[in-house]
Each structure stands twice: as structure tokens, then as C-alpha cells.
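Step one of this worksheet: look at the structure below.
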Amino acid sequence: MKPIHGDKLRGHLETLILSVLERGEAHGLEILHRLDEAGCGLLHLKEGSLYPALYRLEEAGKIQAVWEEEPHGRRGARRRIYRLTAKGKRELAKGRLEWASFVQIISGIVGAPA
Amino acid sequence: MNDVSLKALKVIVERAVGPVRATMARKRRMREELLAHLLAIFDEEAEKLGDEQAALEQAKQRFGDARELTSQLQQAVPRWDRCRSMVESMGYRPGESAWHLAAKHFLAMLLIYLLWVPMIELAFGGLRNLGPLEQRVWALWAVVAVGAVVFLALFNVILSVVLASLLDKIGPILASKRRGRILLAVLCGLVVVCGLVPHFTGAAVLFILIARQAVKQWRYQADWI
């Protein structure tokens, strides 16, 4: 299978993040590892792009973030740990329905089974 | 990891976050989180490749284009935060020239004073039917009022220049918490001294706020570099 690059993920990234956070709280790099694992290494996302999406989700109240208590490693920069909120869970359920309907419609047009 | 690599990672973060129009607090949060991410991917790559320079290149590659990230980060900044950052930008920024600060303040004050013009016009509008003596008194009052406005605007500009020169010279030492507090205490003393003239008190309070922000910025800059 061909890898999927950032441009094609745009518009779906927020739902993808919400779905990996459903498995439990995580910091940015862990979210990327989970996405990579779930996408069998075929999702190619520029890692910096994850953060604007996280900030948007946080601003919309769909996820919550707390600073980790101790800096990771020896160089003082702390990570933020993200977790899904009740609003985020509702948004994820909505996102799944939208995705299912999108796939159904497009596959009907393209003529390829979902 | 050596200091050169750490600095190179900070440069990558700064290229992305620096141009974003947002409050200092929000940008600080972005910087720390993005740096933590870059440090983690640098470590991953260094372990895999066994070479710091190659790891640095790979981390940069994985992180993505700074300019693109800047625009994505900008879109994630709420409107109210952008407005707050505009107000914040009226304060002193480390390294900013005294004249630049003074010009910013002069324009801001001019704008504030100009807001009063329609009100003065309204007040005078109702007085057009007065006798010649009263009209002369009001005209004199107008001259005094305009003079006072010009004087106060110039006074504030002079204060801005003095304060910015002072902060520029003593800025680096403000990175120390104790010295920063001493400066704020001195400025608070100034407020008490200027307390007799209401406008001077207002100006002194404004400059304390600017100095307080400058102290914070210098301290943060010292930590970041």
C-alpha cells in the first residue's frame, strides 16, 4: 500500500487524534506513535503539524492538557499530557458517523467497495 | 547531546513560533512543548543513527517546514489572544530601541487623546450662542486644554525614552529575581512621589506595568537562551 501524506490527512487529523486519545491520555510524541502504529506505518505526517491540531482541539474543549510534573530527560523542557473530555467523546462519535457516511457515498461514486 | 545541538533545536522552534502573533504566555507554552518534542525525536534518531549531526537533520526533517508550521500555529491562536498580544506589544521588548518604544507610545496616546476631540466638539457645539466674553473664556480654555494634551503627550514620550534606555542598559541584570523586585520597588516609590499630580501617577503606573513586563521578558529570554 502507498503511504498517506499530510495533505490527505488534513480535515481528518482532529478525528484521528480524538480516536487515539480514546485509548488513554498521551503526550504529543506518544499520539504520533499511536497513529503510526494504527496506520501500519503508512501515515506520513510532519510531526510539528500535530500541535496546531492539538491546540485547536484544546481551545474547543474537546481535549484537556496538563504539564507533566517532571521535565522529560535532562534538558528541562516539559511535555503536555492530553486527555479526551466528554465533549471530545461526543465529537469522536459524531466524527465516526460522518466518516462512515463519507466512505459510503464516495465508494458508491468511485465504484470501489468500502 | 551537546550545547550546539540544543541551540540548533531551539533555533528550529524559534523559527516556527517567533513570527506567530499571540500572547507571550501562549508562545512560551508552544516553545516549551515543541522543544520537548524535538528533543525526544532527536534522542530517538541519535540512538538509531549514532551521530548527532545526522540526528539533528533527521529531527528537522520529521518536524516539518517552519514557515508552514508558523501559519498552522497562527490559525490555532484564538482571536481574543491575538487582540491581547496587540496590547502586549505596546510594552517594552528586550532589545527594542528607546525611540521605537517612544514612537509606539506617542501614537497610542495620540489615538487616546483624539478620542476626546468629538466630545470637546460636542461640548462647544452647545455653547455657540454665548456672549462674546463667555466665548473668549471658552476659547482660552480650549487653548489651555490643547496645550495640556500636547504637553502630556510629549511628557509621556520623554518618559518612554528614559524608561526604555534604562531598561535596555539594565535589562540583562533584570533576569535576576531580586534585582527585578528592587527595580519595581523603586518605580513604586516614584508613583508615591508623583502622587500629587494625577496624570503623572497614571503615567508612572503605566510605566511600572511596562517595566514589570520587561522584567518578565528578560527573565524568560535568559532561560530560553
Side-chain angles (χ1 to χ4, degrees), chain A residues 3-14 16-17 25-37 39 41 43-83, chain B residues 1-3 5-10 12-17 20 22-23 25-47 58-82 220 223-225:
Chain A
I4 303 170
H5 290 277
D7 285 348
K8 284 181 189 160
L9 290 174
R10 209 164 284 159
H12 307 297
L13 185 58
E14 294 186 6
L16 290 173
I17 293 170
E25 56 181 36
H27 52 78
L29 191 58
E30 174 64 20
I31 293 172
L32 283 165
H33 284 322
R34 285 185 194 174
L35 283 172
D36 194 47
E37 190 189 311
L43 294 182
H44 286 202
L45 178 72
K46 289 293 177 197
E47 298 190 15
S49 304
L50 174 76
Y51 290 92
L54 285 171
Y55 298 153
R56 280 196 304 273
L57 286 168
E58 191 187 3
E59 209 56 53
K62 294 170 193 170
I63 57 174
Q64 255 179 354
V66 284
W67 286 105
E68 62 181 1
E69 279 169 22
E70 292 293 317
H72 177 69
R74 291 158 285 135
R75 289 158 302 231
R78 291 171 304 157
R79 300 179 298 193
R80 295 174 87 218
I81 313 292
Y82 294 91
R83 79 164 65 100
Chain B
M1 167 187 256
N2 58 41
D3 283 351
S5 302
L6 180 61
K7 198 156 186 184
L9 294 178
K10 284 184 174 179
I12 297 173
V13 172
E14 198 48 42
R15 275 193 194 137
V17 179
V20 175
T23 51
R26 186 174 288 265
K27 285 171 80 164
R28 190 177 302 175
R29 201 172 66 197
M30 287 177 183
R31 282 188 183 105
E32 183 165 358
E33 189 173 25
L34 293 179
L35 180 65
H37 184 94
L38 266 169
L39 284 165
I41 56 179
F42 174 86
D43 284 345
E44 274 183 11
E45 295 298 333
E47 205 181 310
Q58 199 56 29
K60 208 171 158 182
Q61 190 71 25
R62 275 174 63 176
F63 196 63
D65 178 51
R67 213 177 297 169
E68 202 179 316
L69 184 54
T70 301
S71 98
Q72 290 173 358
L73 286 169
Q74 188 64 67
Q75 283 165 23
V77 176
R79 206 168 288 164
W80 58 265
D81 195 88
R82 259 177 270 175
Y220 173 62
D223 286 349
W224 176 243
I225 298 165

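Within every chain, numbering begins at 1; the chains are lettered A, B, ... in the order of the sequence lines, protein sequences first and strands thereafter. Both backbone and side-chain heavy atoms feed into the values below; hydrogens, waters and symmetry mates do not.
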Please give me the minimum heavy-atom distance between A:S49 and B:L69, naming the atom from each residue.
N-CD1, 4.0 Å

What part of A:L32 is in contact with chain B, defined as an atom under 4.5 angstrom from a non-hydrogen atom: side chain, backbone, both or neither?
side chain

Closest heavy-atom contact between B:R29 and A:W67?
CG-CZ2, 3.2 Å

Atom CD of residue position B:Q61 - does it have more than 12 heavy atoms of other residues, nucleotides or ligands inside 6.0 Å?
no

Please examine the side chains of A:R79 and B:E32, heavy atoms only from C-beta on, and report whether any two atoms are closer than 4.5 Å.
no

In this structure, CG of A:L29 is separated from CZ of B:R62 (nearest 0.5 Å) by 6.5 Å

Can you tell which part of B:E44 gets under 4.5 Å to a heavy atom of chain A, answering side chain, backbone, both or neither?
side chain

Find the distance between CZ (A:R78) and CG (B:L35) and round it off to the nearest 0.5 Å.
12.0 Å

Of all heavy-atom pairs linking A:P52 and B:A76, the shortest is O-CB, 3.6 Å

Quick one: pull up OH in A:Y51 and NE2 in B:H37 and give me the separation to the nearest 0.5 Å.
4.5 Å

In terms of heavy-atom proximity below 4.5 Å to chain A, should B:L34 be classed as side chain, backbone, both, or neither?
side chain

